[in-house]
2 protein chains.
Amino acid sequence: MARPRKFSRTQLQTAALALVDRDGLAGLSMRTLAARLGTGPMTLYNHVGGRADLDLLVVEAVVGKADWSHAKQADWRREVRGIATEMWRVVRAHPQVIPLILTRRSRSPAVLGVAEALVAARARSGRSGRALLVAFRAVQALVMGFAQVELAGPLSTQAGESPTAVIRRVRSLPREQFPHLTQIAAAAARSRAEAEFRRGLDLLIAGLAVGARVSRSRRPARAAR
Amino acid sequence: MARPRKFSRTQLQTAALALVDRDGLAGLSMRTLAARLGTGPMTLYNHVGGRADLDLLVVEAVVGKADWSHAKQADWRREVRGIATEMWRVVRAHPQVIPLILTRRSRSPAVLGVAEALVAARARSGRSGRALLVAFRAVQALVMGFAQVELAGPLSTQAGESPTAVIRRVRSLPREQFPHLTQIAAAAARSRAEAEFRRGLDLLIAGLAVGARVSRSRRPARAAR
DNA sequence: ACCTGAACACCGTTCAAGT
DNA sequence: ACCTGAACACCGTTCAAGT
């Protein structure tokens with residue numbers, strides 16, 4: 001390290017995230033990032049491995065904002081809820097990045113840190129091994145799944161669509177074919193994303209508390225062909 | 001419709017899905033699909049709106065394979081479980097497509113159909129309106145979330161990585177910093193994805209059965225800044 | 001109405017050359 | 001060791017022209 005590198009990691013992250021927040025994922029490329037940093041595209045290869053690294057950089061910039069230090073609680077249910085809610089809050093703060101968070105593997109300390117906190121909280125209820133693993137996966141899945149469903153689910157708003165437009169669209173579906181979807185469309189238009197998430201999370205936490213005592217059939221819904 | 005179109009929708013779907021299954025998402029482009037169909041890129045614009053439509057075509061080809069006609073059960077719990085498992089099974093059958101399914105909005109009858117079936121099953125437990133909406137969202141989120149966590153979660157395998165390599169990697173993390181993660185690594189290496197999913201789903205269904213009776217704080221984990 | 005090739009404005013990355 | 005420009009092989013799409 002004779003010379004200091006031209007750009008720091010945080011410099012790259014800030015610039016990249018700013019591009020995505022402003023122009024969307026399509027607005028981030030080797031070339032646009034280089035331009036924003038006032039250099040040529042090839043210079044970036046001294047700092048990142050390639051295009052894929054750019055995505056990871058952005059993901060970690062977002063997840064790194066999670067702060068669960070204040071989530072510590074006597075009741076493990078409250079603590080799991082606090083950490084999960086913080087994860088979800090941070091993810092939603094940069095909606096344009098959600099597709100990247102959903103699909104890019106990251107091994108950054110930030111990502112591992114949230115995971116560890118979540119498992120630790122759940123472990124305090126006395127679970128370990130397999131039960132702990134499943135509980136961890138389920139909470140993680142629910143958090144990311146709610147982000148996904150809001151992003152691309154069947155009841156989600158299209159780009160630039162208003163919530164009232166959603167209800168109109170879903171209600172215009174053939175009622176005999178989708179009787180229940182049209183029925184909950186009204187509820188969907190009224191409800192707010194955060195409230196829905198918190199209630200959904202509470203459902204899962206209630207299940208965690210009782211354990212999986214529901215009768216369980218070992219066979220899939222239909223035979224695997 | 002003087003002349004029949006050169007390619008049918010299913011023809012396009014089959015060709016596109018075959019490309020993705022073989023070469024991954026990077027292998028699908030206007031140009032490669034055109035080449036596979038033995039024509040020039042511009043010809044495709046007579047059949048699809050543009051590149052984004054190609055992704056939707058592939059998503060719908062996969063989701064369209066879901067068949068929940070045999071999931072009908074007297075017990076609504078079993079029925080919800082059956083439909084959710086079928087969704088998850090279909091999604092996992094084409095792993096390369098998962099990022100698309102997670103991020104692309106689709107209004108196809110196939111996607112809406114599964115949603116309707118899920119809500120219908122849950123409605124049989126007597127819920128409606130908001131409670132029904134939340135239950136629907138939670139199940140949908142859990143299914144997609146499990147696919148996501150398997151694809152890109154902190155305990156998931158890298159491309160071409162063996163399950164035993166995962167345990168080695170996670171175990172090599174600093175134990176004082178990630179005590180619980182290193183602890184569940186062993187369980188993660190042993191367990192199979194389907195079993196994990198089914199157990200996670202059962203946790204949520206148990207929560208659905210009792211309803212959300214857990215005490216609920218209205219405030220987020222920390223004050224929104 | 002449907003088909004199609006040439007051309008344009010992008011993109012990531014290899015290669016070779018600079019200090 | 002780090003920086004960088006030219007060049008290459010892609011990409012989606014506009015435009016204009018065919019039938």
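Bear in mind that the values here come from a model prediction, so they are computed numbers and not experimental data. Letters A, B, ... are given to chains in the order of the sequence lines, protein chains preceding strands, and every chain is numbered from 1.
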- Message: Can you confirm whether A:R36 is buried at CZ, in the sense that more than 12 heavy atoms of other residues, nucleotides or ligands lie under 6.0 Å from that atom?
- Response: yes
- Query: Does A:T43 have a side-chain nitrogen or oxygen under 4.0 Å from the phosphate oxygens OP1 or OP2 of D:dT4?
  - Reply: yes
- Note on the structure: The side-chain contact (heavy atoms from CB on, under 4.5 Å) partners of A:R168 (sequence neighbours excluded) come to A:T164, A:A165
Between protein and nucleic acid, restricted to nucleotides 9-15 of chain C and to nitrogen or oxygen atoms under 3.5 Å apart, what atom pairs and distances do you find?
| from | atom 1 | to | atom 2 | distance (Å) |
| --- | --- | --- | --- | --- |
| C:dC11 | OP1 | A:S29 | OG | 3.2 |
| C:dG12 | OP1 | A:M30 | N | 3.1 |
| C:dG12 | OP2 | A:M30 | N | 3.0 |
| C:dG12 | N7 | A:R31 | NH1 | 2.4 |
| C:dG12 | O6 | A:R31 | NH1 | 3.0 |
| C:dT13 | OP2 | A:Y45 | OH | 2.7 |
| C:dT13 | OP2 | A:R51 | N | 2.9 |
| C:dT13 | O5' | A:Y45 | OH | 3.2 |

- If a pair satisfies ring pair (Phe, Tyr, Trp, His ring centres under 6.0 Å) and one of its residues is in residues 11-46 of chain B, list it, with sequence neighbours excluded. none
- Taking NZ, NE, NH1 and NH2 as the nitrogens, is one of them in A:D202 or A:R198 under 4.0 Å from a carboxylate oxygen of the other? no
- Task: For B:N46 and C:dC3, give me the distance from atom CG to atom C1', rounded to whole Å.
- Result: 6 Å
- By side-chain contact (heavy atoms from CB on, under 4.5 Å), A:A93 pairs with (sequence neighbours left out) none
- Query: Within the pair A:T39 and D:dT4, is there a side-chain N or O less than 4.0 Å away from OP1 or OP2?
  - Reply: yes
- Query: What pair of heavy atoms forms the shortest contact from B:F136 to A:P154, and how long is it?
  - Reply: CZ-CG, 4.0 Å
- Map every base of DNA chain C to its dot-bracket character, where paired means a Watson-Crick or G-U wobble contact with both distances under 3.5 Å and | marks a partner outside the strand. ||.|||||...|||||.||
- Message: Under a 3.5 Å cutoff, is there a donor and acceptor pairing between the side chains of B:R130 and A:S191?
- Response: no
- For the pair made of CG in B:L44 and P in C:dG5, what is the distance, rounded to whole Å? 12 Å
- For A:E196, enumerate each residue passing the salt bridge (charged side-chain N to carboxylate O under 4.0 Å, His left out) test, keeping only those at least two apart in sequence or located in another chain. B:R137
